[in-house]
Every structure is written in C-alpha cells, then in structure tokens.
Amino acid sequence: MPEGPELHLASLYVNEVCDGVVFTGAVRKSEVSKCPDVPFTCEAYRITATSRGKEVKLTLTPIKSADSKRTVKSGQADQAMDVVFRFGMSGYFRFSAEDELPKHAHLRFYTKEKSCRVLSFVDTRRFGSWQPSGTWQRDRGPCVMFEYSSFRENVVSHLSDRVFDRPVCEVLLNQKYFNGIGNYLRAEILYRLNIPPFVSARSVLESLEVQDSLEKEKAVKHSITGKKKSDKVKEEDETSDLLRMCHMVPLEVVNLGGKGYDPAKADYSGFMSWLQCYAVEGMNCLQDHNGRTMWFKGDPGPMVPKGSRSTRAKILVKKERNDDNADKKKVARSRSESTLKKRPIKQEVTEIKAKDASLSEAGSKKRKTGKTAEETKPRRSRNSGEKAAAGSQRRSGRIAKQNSK
DNA sequence: CGTCCACGTCTAC
DNA sequence: TAGACCTGGACGG
C-alpha cells in the first residue's frame, strides 16, 4: 500500500534487514523492466535507506578495505551512489534468500554471503520506477510526515496558486504540495475533520493563513511577555487543522507498523481495522475528476464532477455495530472524539471482522430501504453499488457472508 | 471465460 | 481531461 507511511516503513525495513550486511557485485535488473540500469558494481558495499513523502532513497556505500588503497579495479565503485525509488501502485522491498526471489523482483542487490541473499525491489504492476544517481524529485513538496513545518509553509505561502481552486480532495493528491498523501489518506483525513471532499481547497485552507500569521504574532508577544502559549484557540487548531491532520494521520499508520515490519509476513489486519472511511462498508464514494475513487461520508460538496458515477468500488472493510438499532448518532460522536484521543472507544462501536492476515468479507445486499438519504445524487446509475471484495491472499478462506452481527 | 477494480504517476491529443 | 502503463484478484455468466 504505497503511500507516504508505507514508503517510510519500507525505508525502516531496509535499514533493519541490511544492518551489518555486506553486499557485493553488480546491481541487477529484471529482463522485463524498462527502468534504467543501475551502473554500480562494488566488491563490498552497504545499503541504507531514507524516505521523503512518496519516495525512498537507497544509499549504496562502498566499504573501503584497509589495505587496498588503489586496488580500485576498473568498473568498481569507490563512491557512494543514491538510487531514488517511487513505488507506483504495487512496489515494495523484500530481503530474501537468492533461491526465494519473489515474482516481479525488478531490481536486485546481492549480499556477499556464503549462501547469498538478495534485497529486491518488487513491483507487480511495474508502475514504480527508480533513478540511479538520483535525487528527490524536483516539484515534489516537503514530506508531510517528516518535514512538517516546511510542508506547512509551502502550502500556506502558495494559496493563491490556482491549483487550490480545485476540490480539496483532488488537491490533496498533488505531490507538489502534499508529498506522501494518497487515495486512502485523503479519505481518512477529510473524514476525520468532516470536510466535504468536493469543496475548494482554498476555502478550507485560507483560514489557516490567518491562523499561521496570528501564531507568529502571538509567539512574538509571548516571547516578550513570557506568557504561556496554550489557549483555547490554539488547542482547537491542534485537531481541526487540515494541514496538521495531513501530518498526524499518516504518522498513525507508521506507528501501526511499529517494530519488525516485514512485507513478507504482511499482516494488514491492523491497518484494515484502522481504516475508518476508505473502502469501508456504508461509506459513500464518487469518482473525482481524475477518475479516482473518493470515499467520504455525508455531504460530497458542490464541486462534484458532472456525471460522476457513484462507483462500485471495492469494499475491503466491514465494521460491525454493537448496538442493535441505536444507529448513527453514536457513530458520529465516537468519530469526532476519535480525532482527539487515542480512544479505546472505537472498538465499542466498530469492529473489524477481518480474518487473519487477509482482508475481509464478502457481499452485502442491496437492501433498498432507508439507506440514509440521497445526499449524493450525481446520476442514478444502477444500484448504489455495493460490492464485495477482498480476498485472502494466501489462505484459501472464502469468508463469511453477510450474516452480520 | 470476461469485466471491473486496485494504495500512482506520466505524456500526449 | 483522456489515455497509457501493467498484473492479478474478485466476481459474474
């Protein structure tokens, strides 16, 4: 799931598995890949990684052997090289035995071990890419997670840019300003703040410009008067501010992974239960102007694309209601609270029904009753598309039906 | 079997 | 604002 958090977890994974490991020889590319060769060959080198938004940079560092000063054989690197990766829709890193290379391992780094292991860039769909001797892509903004203040400054100082005329849900995918946000994060972020996806980005953000400058003034005053800087306004900003959420929400995902993240033993159940809106049963969705599925709850806002289908997107997550027929007031309340505190409250209302490492369930029915209102009336195109999805990767496990409760 | 869908960019009309 | 770029899983017939 390559958005900012997954790219960052990938960099942690590389640093962990490559710690103390010596690599050797050439970097090898799959036959089928159209990405450039990586012209780096070295008798002994190490690999480290960093991430920024939706990119990961590997640094290949030659190990200088004490004695051989000029034994730089021809074609052997003596300089470090950076390789910058973008993951497309399906990229990830995996460290495995040489004889257990994953399918679609398109770029490979070989260890100098008796029974050799391989760090692979795996990318089923091949939308990912890498750049040898690479740098962070120009035109991508600061990382929403790890360069927060410059990220914020970059947005606030460019609010007159016409891109902010567009619906906020589409602007959130603009990596020039929101490097690291992707399709599931935009849904989760807007959902938590109850911001309709199809309102202009500037209308949501322009109040921040004022707030930010007020903050600065206040900071100055405080530094003069020596007052404390916590007042009510400030505290409200902590959670209601869209830019702050673009920082915090991805970090929550990073912290789900925590220690020992390993794509080999991918266990998405924690992630699935973390999702509150994206691909969650009962949420609405529409195609944005780029044909991407926007998940949301309630009012879509005025800038919905003409003729936008209420798509039949895949539902990956079913949450369970505990209360029999109490309904949605509760949900709404728990949601706004969830923004504030780490709540164990959430489980009281929603509970994922995911099996082990796999995703989730099957079909819902179309039940034509109630179904809230038709707040979204783009075009009555067939049933309001509910679908099933989810598959269990390895396990066969055909799961539940919609027994419910 | 075929169709639709997927966590993202890219470039071309 | 379309497509192109790809593979594969879920679902429908």
Side-chain angles (χ1 to χ4, degrees), chain A residues 1-10 30 32-35 53-56 84-92 102-106 122-131 137-141 144 163 166-167 169-170 172-176 178-189 249-250 253-254 256-257 263 266 268 271-272 274-275 277-280 285 287-295 305-317 358-365 381-383 385-402:
Chain A
M1 311 176 177
E3 299 185 19
E6 290 74 26
L7 281 271
H8 181 66
L9 288 167
S30 73
V32 66
S33 172
K34 292 172 182 166
C35 288
K54 258 185 261 185
E55 296 184 305
V56 167
V84 173
F85 292 80
R86 264 154 271 134
F87 281 16
M89 296 284 270
S90 57
Y92 63 95
K103 207 175 171 189
H104 308 295
H106 295 302
V122 185
D123 183 10
T124 306
R125 297 182 69 183
R126 270 184 278 145
F127 292 170
S129 61
W130 61 80
Q131 179 187 17
Q137 191 170 261
R138 299 177 298 279
D139 293 351
R140 298 189 84 103
V144 294
V163 306
R166 311 248 70 221
C169 70
E170 294 172 15
L172 284 176
L173 294 186
N174 186 332
Q175 303 298 298
K176 180 173 176 184
F178 296 90
N179 190 5
I181 302 300
N183 204 26
Y184 79 74
L185 284 170
R186 69 169 175 172
E188 295 299 317
I189 289 164
V249 173
V253 179
V254 169
L256 289 178
Y268 297 114
F271 175 72
M272 290 297 175
W274 174 84
L275 290 172
C277 179
Y278 178 83
V280 172
C285 58
Q287 304 294 121
D288 70 14
H289 287 90
N290 302 306
R292 301 262 265 152
T293 299
M294 178 65 217
W295 290 85
K306 238 180 13 183
S308 167
R309 290 186 305 126
S310 162
T311 123
R312 333 168 118 233
K314 299 185 180 183
I315 293 168
L316 297 178
V317 183
S358 1
L359 329 224
S360 51
E361 276 45 276
S364 47
K365 256 334 166 356
S381 67
R382 69 180 63 204
N383 69 8
E386 234 110 303
K387 190 98 158 253
S392 37
Q393 350 263 79
R394 36 183 138 212
R395 270 348 143 82
S396 52
R398 179 102 224 103
I399 319 173
K401 347 213 34 259
Q402 76 284 13

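Predicted model, so just to flag it, every value in this text is computed and none were measured.
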Check: protein-nucleotides 9-12 of chain B nitrogen or oxygen pairs below 3.5 Å:
{"from": "B:dT9", "atom 1": "OP1", "to": "A:Arg140", "atom 2": "NH1", "distance (Å)": "3.2"}
{"from": "B:dT9", "atom 1": "OP1", "to": "A:Arg140", "atom 2": "NH2", "distance (Å)": "2.9"}
{"from": "B:dT9", "atom 1": "OP2", "to": "A:Lys54", "atom 2": "NZ", "distance (Å)": "2.4"}
{"from": "B:dC10", "atom 1": "OP1", "to": "A:Arg86", "atom 2": "NH1", "distance (Å)": "2.5"}

| said: Could you tell me how far C:dG9 sits from B:dT9 if I compare only their P atoms? Round to whole Å. | reply: 24 Å

| Within this structure, what is the NZ-to-P distance between A:Lys306 and C:dT1, rounded to whole angstrom? | 10 Å

| query | What does A:Phe87 touch in the nucleic acid at a heavy-atom separation under 4.0 angstrom: a base, only the sugar-phosphate, or nothing? | reply | nothing

| Length of the CE-P vector between A:Met294 and B:dA6, whole Å | 13 Å

| Does A:Val144 reach the side chain of A:Pro250, with side-chain heavy atoms less than 4.5 Å apart? | yes

| note | A:Arg186 atom CZ is separated from B:dG8 atom C1', nearest whole Å, by 12 Å

| task | Using whole Å, report how far CZ of A:Phe178 lies from C1' of B:dG8. | result | 17 Å

| Rounded interatomic separation in angstrom, taking CZ from A:Arg312 and C1' from C:dC11 | 10 Å

| task | Examine C:dT7: is either OP1 or OP2 under 4.0 Å from a nitrogen or oxygen in the side chain of A:Arg126? Give yes or no. | result | yes

| remark: Between CG of A:Asn290 and P of B:dC5 the distance, given in whole Å, is 16 Å

| query | NZ of A:Lys314 versus P of C:dG9: gap in Å, rounded? | reply | 10 Å

| Quick check: does any side chain N or O of A:Glu188 sit under 3.5 Å from a backbone N or O of A:Val249, one acting as donor and the other as acceptor? | no

| query | Taking the side chain of A:Arg125 as its heavy atoms from C-beta onward, which of B:dC5, C:dT7, B:dG8 lies nearest to it? | reply | C:dT7

| message | Can you confirm whether A:Phe178 sits close enough to A:Leu185 that some side-chain heavy atom of one is under 4.5 Å from a side-chain heavy atom of the other? | response | no

| request: Report yes if a side-chain nitrogen or oxygen of A:Ser90 is closer than 4.0 Å to either non-bridging phosphate oxygen (OP1 or OP2) of B:dG8; otherwise report no. | output: no

| task | Just say parallel, tilted or perpendicular for the rings of A:Trp130 and A:Phe85, cut-offs at 30° and 60°. | result | tilted

| said: Is the ring pair A:His104/A:His106 parallel, tilted or perpendicular, if the boundaries are 30 and 60 degrees? | reply: tilted

| query | Does the side chain of A:Lys103 get closer than 4.0 angstrom to OP1 or OP2 of C:dG8 through an N or O atom? | reply | yes

| said: With a cut-off of less than 4.0 Å, is there a side-chain N or O of A:His104 near OP1 or OP2 of C:dG8? | reply: yes

| said: Does any part of the side chain of A:Arg86, heavy atoms only, come nearer than 4.5 Å to the side chain of A:Gln137, both counted from C-beta? | reply: yes

| If we take the C1' atom in both B:dC10 and C:dG8, what is their distance in whole Å? | 23 Å

| query | Less than 4.5 Å apart, any side-chain heavy atom of A:Arg126 and any of A:Val32? | reply | yes

| Atom-to-atom span, CE of A:Met272 to C1' of B:dA6 - whole angstrom | 11 Å

